[in-house]
2 protein chains.
Amino acid sequence: MKRDSRLSGVLHVLLHMAEHEGPSTSESLAHAMQTNPVVVRRIMAGLRERGFVRSEKGHGGGWTLARDLEEITLRDVYEALGSPGLLAIGNRTESPGCLVEQAVNAALADSFQEVENVLLARFGGITLKTLHADFHARFARIPRNNRKAVAHEH
Amino acid sequence: MKRDSRLSGVLHVLLHMAEHEGPSTSESLAHAMQTNPVVVRRIMAGLRERGFVRSEKGHGGGWTLARDLEEITLRDVYEALGSPGLLAIGNRTESPGCLVEQAVNAALADSFQEVENVLLARFGGITLKTLHADFHARFARIPRNNRKAVAHEH
DNA sequence: CATCATGTAACTATTGTAGTTACATGAAAA
DNA sequence: TTTTCATGTAACTACAATAGTTACATGATG
């Protein structure tokens with residue numbers, strides 16, 4: 001696996017839920033994502049625990065949003081995934097005895113910390129509402145007769 | 001392997017070379033890094049191609065810096081490694097047909113691009129001289145009788 | 001009670017670094 | 001000229017983490 005794409009995936013799922021009246025099943029969401037229902041359940045588990053979505057079993061069951069779109073930031077979603085590591089590069093050793101390596105690590109760690117803060121700050125400033133509005137802007141630009149092809153069942 | 005630590009490793013090696021009079025062998029550098037000589041040669045190959053270091057075979061051979069410390073930035077070193085991906089997270093699909101996913105990807109790609117630029121800018125502003133000076137500042141703080149233990153043969 | 005849908009464990013596939021072994025190439029010393 | 005030293009590389013194993021899949025348990029609805 002090249003990169004962790006769970007954030008991208010779960011956001012896709014959440015926006016599909018926002019477009020869909022009533023509960024969405026893992027099955028239908030997985031179909032929109034072209035993946036497996038178990039993958040959907042897996043990436044949604046953290047969001048459920050934190051109260052952003054609800055899930056119901058049995059007939060008429062499925063996933064529903066438990067909050068308004070403007071109440072959920074990308075940072076909330078990221079943290080619900082368990083705050084996976086953001087950077088693909090890192091220090092070789094955490095607490096090296098070698099002073100040379102300590103100097104290297106200190107410089108790199110500072111830089112890493114800074115960009116992680118930048119990214120988390122950006123995530124904190126983007127809500128699902130932002131993405132939802134962007135989607136609708138894109139949707140409005142598509143000719144009516146093409147819409148089904150580019151946005152599953154909308 | 002959790003994260004790519006080649007940048008951390010190669011910087012460690014370069015600073016050890018700066019402290020060492022004459023050529024350093026892959027063997028001795030690997031010993032300082034507590035790894036294998038082949039790993040050292042592998043991460044140094046790109047730097048050699050770009051003229052930042054030289055290598056010589058045979059007796060008295062090994063690695064030498066080909067430029068002053070202030071002429072090599074962390075960005076140079078990073079690029080000599082082949083500019084490996086900086087972020088551990090990314091979009092699920094590059095060019096999705098689904099408009100929902102396009103909106104998600106656009107927002108994430110913007111954020112990703114921004115933090116990559118921030119990190120590369122920082123790397124561009126740090127030279128090996130910076131790290132070298134930091135190492136010597138740390139070194140000066142250590143009591144003389146402990147120095148061998150924390151900074152291989154200095 | 002049959003069906004539907006989630007919850008989860010367990011296993012495979014994939015991808016890329018790290019580490020190792022083995023051997024070829026070439027330079028300096030004996 | 002032969003030995004020794006050191007780099008250059010290919011090839012293989014170990015490892016880690018996500019993605020995808022199968023299998024089955026749990027619980028709610030009709």
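To find a chain, count down the sequence lines: A is the first, B the second, and so on, and within it residues start at 1.
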request  = Do nucleotides 3-9 of chain C as a string where each nucleotide becomes B, S or -: B if the base has a protein heavy atom under 4.0 Å, S if just the sugar-phosphate does, - if no protein is that close.
outcome  = BBSBBBB
ask   = Can you list the residues that meet the side-chain hydrogen bond (donor to acceptor under 3.5 Å, both in side chains) rule with A/Arg138, with sequence neighbours excluded?
value =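 Residues passing side-chain hydrogen bond (donor to acceptor under 3.5 Å, both in side chains) with A/Arg138: A/Asp134.
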Partners passing side-chain hydrogen bond (donor to acceptor under 3.5 Å, both in side chains) against B/Asp76 (at least two apart in sequence or in another chain) =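 Result, side-chain hydrogen bond (donor to acceptor under 3.5 Å, both in side chains) vs B/Asp76: B/Thr73.
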Measure [atom1]/[X] against [atom2]/[N] and give the value in whole Å, please.
X       : N      : atom1 : atom2 : value
B/Asn91 : D/dT18 : CG    : P     : 17 Å
A/Leu86 : D/dA17 : CG    : P     : 15 Å
A/Arg92 : D/dC15 : CZ    : C1'   : 17 Å
B/Tyr78 : C/dT17 : OH    : P     : 12 Å
B/Asp4  : D/dC15 : CG    : C1'   : 15 Å
B/Ile89 : D/dA19 : CD1   : P     : 11 Å
B/Met44 : C/dT17 : CE    : P     : 18 Å
A/Gln34 : D/dG20 : CD    : P     : 10 Å

What side-chain donor-acceptor pairs closer than 3.5 Å can you find for residues 50-60 of chain B, not counting sequence neighbours?
unit_1  : atom_1 : unit_2  : atom_2 : d
B/Arg50 : NH2    : B/Glu79 : O      : 3.3

inquiry  = A/Arg92: which residues meet the salt bridge (charged side-chain N to carboxylate O under 4.0 Å, His left out) condition with it, sequence neighbours left out?
reply    =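 By the salt bridge (charged side-chain N to carboxylate O under 4.0 Å, His left out) rule, A/Arg92 matches A/Glu101.
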Please table the atom pairs, donor to acceptor, closer than 3.5 Å between any side-chain atom in residues 113-132 of chain B and protein atoms at least two apart or in another chain.
unit_1   : atom_1 : unit_2   : atom_2 : d
B/Gln113 : NE2    : B/Asn117 : OD1    : 3.3
B/Glu114 : OE1    : A/Arg122 : NH1    : 2.2
B/Asn117 : ND2    : B/Gln113 : O      : 3.3
B/Arg122 : NE     : A/Ser111 : OG     : 3.1
B/Arg122 : NH1    : A/Glu114 : OE1    : 2.2
B/Thr127 : OG1    : B/Lys129 : N      : 3.2
B/Thr127 : OG1    : B/Thr130 : N      : 3.2
B/Thr127 : OG1    : B/Thr130 : OG1    : 3.1
B/Thr130 : OG1    : B/Thr127 : N      : 3.1
B/Thr130 : OG1    : B/Thr127 : O      : 3.2
B/His132 : NE2    : B/Glu19  : OE2    : 2.9
B/His132 : NE2    : B/His136 : NE2    : 3.2

inquiry  = Could you check whether atom CD of B/Glu27 has more than 12 heavy atoms from other residues, nucleotides or ligands sitting under 6.0 Å from it?
reply    =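 At most 12 heavy atoms, drawn from other residues, nucleotides or ligands, come within 6.0 Å of this atom.
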